[in-house]
Number of protein chains: 2
Amino acid sequence: MKLTTKGRYAVTAMLDLALHDNNVPVNLADISTRQVISLAYLEQLFSRLRKEGLVSSARGPGGGYKLAKAASEISLSQIIDAVDESVDATRCGGQMNCQGEEQCLTHDLWEDLSTQIRGFMTGVTLADLTSRRSVKTVSQRQNAIPMVQH
Amino acid sequence: MKLTTKGRYAVTAMLDLALHDNNVPVNLADISTRQVISLAYLEQLFSRLRKEGLVSSARGPGGGYKLAKAASEISLSQIIDAVDESVDATRCGGQMNCQGEEQCLTHDLWEDLSTQIRGFMTGVTLADLTSRRSVKTVSQRQNAIPMVQH
DNA sequence: GCATAACCTAGTATTTTAGTAAAGTATTAT
DNA sequence: ATAATACTTTACTAAAATACTAGGTTATGC
């Protein structure tokens, strides 16, 4: 799992969509204006989001995008995975032919970390965000990742 | 908090250091060979790690790098922060002059997420990794982030 | 049939990543 | 002292990812 601004743009746009989703499709031009993301860049992102089945589109006047499922069914990990093609985090290309166990230790380590963070992102849905529960609150739910003491 | 291959290189190198740290400094050429990272790139990374006080260096023959503190005192978040200069995740430059509350919602959201992930990374130290406890095990400790059910 | 808005393709500037190259500085074993 | 070792610094470069631009096409509601 990679965390970059690209994924953040996608989450931002999807959140905008979730907040304005009242049966009427939302067009990208509006999202572009509201979230200050270029229209063409949004088109690229939504092309992927559509291919992953996270949004559905309607063409023509009054057209636009809608969430393809309930906001409670769309997790942050789904959104980020849709736009950030996954990097192969393993140096050995997943073929386990690394020299010695040290390198595989690092390999396993990073996979573990990725799993942890993905798990966290999977536990937070768009519905959680629109209901303005803080991420901290969400993460303290039964089925999600409680947070570290500070 | 940004998660890229750069940070992974740094963690890998630091883990190599931790595994070979028996009073004798470890030189970068050895790490380069073992972890298959170019020497000059390691030099760039270690320059930052040294400035952040995570490693100490010894020059001259037999010189190299050592951990500046105990492996149990060095967390993954420290390593990643040292090499990946933090991005300003807020569109408004932290000045809170965003138009309307929607944009600030996203802004807060991403800061929350960052805090969560940083918290997780702070809970995992080099000592945890060298002791070959899996990240999952570590994350299930009292003071760290338990993981999501799968 | 016309405006709207998704969809598609290609290109491009910028930044980041990862690595090279070269010259220099400090340390220390001999 | 001196050579060897090894870090330090600077500058440069190739490749990739990011963010955006331009120009078109296709579908559709009015």
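- Residue B/S57 has a polar side-chain atom (N or O) positioned under 4.0 Å from OP1 or OP2 of D/dT8.
- Among residue pairs with one or both ends in residues 57-70 of chain A, none qualify as salt bridge (charged side-chain N to carboxylate O under 4.0 Å, His left out); sequence neighbours excluded.
- Applying the side chain to side chain donor-acceptor pair (under 3.5 Å) rule to A/R50 yields no partners; only residues at least two apart in sequence or on another chain are considered.
- Applying the side chain to side chain donor-acceptor pair (under 3.5 Å) test to B/S47 and every residue at least two apart in sequence or in another chain returns B/K51.
- In this structure, the side chain to side chain contact (heavy atoms under 4.5 Å, CB included) partners of B/A70, at least two apart in sequence or on a different chain, are B/S72, B/E73.
- Distances were taken from every side-chain heavy atom of B/D84 (C-beta onward) to each of C/dT17, C/dG19, D/dC20; the shortest belongs to C/dT17.
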Study note, to complete from the structure: Per-nucleotide protein contact along nucleotides 25-30 of chain D, 5' to 3', at a 4.0 Å heavy-atom cut-off (B base, S sugar-phosphate only, - neither), is -BBBB-
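- Looking at A/S32, its side chain never comes within 3.5 Å of a backbone N or O of A/L28 through a donor-acceptor pair.
- Under the rule for a side chain to side chain contact (heavy atoms under 4.5 Å, CB included), the partners of A/A58 that lie at least two apart in sequence or sit in another chain are A/P25.
- Contact check, A/T5 against D/dA19: a side-chain N or O comes under 4.0 Å of OP1 or OP2.
- For residues 31-58 of chain B, the ring pair (Phe, Tyr, Trp, His ring centres under 6.0 Å) pairs, not counting sequence neighbours, are B/Y9-B/Y41, B/F46-B/Y65.
- Within residues 40-53 of chain B, the residues approached by DNA chain C to less than 4.0 Å at the level of any non-hydrogen atom are B/A40, B/Y41, B/Q44, in residue-number order.
- The side chain of A/Y9 lies closest to D/dA19 when the candidates are D/dA19, C/dA6, D/dC7.
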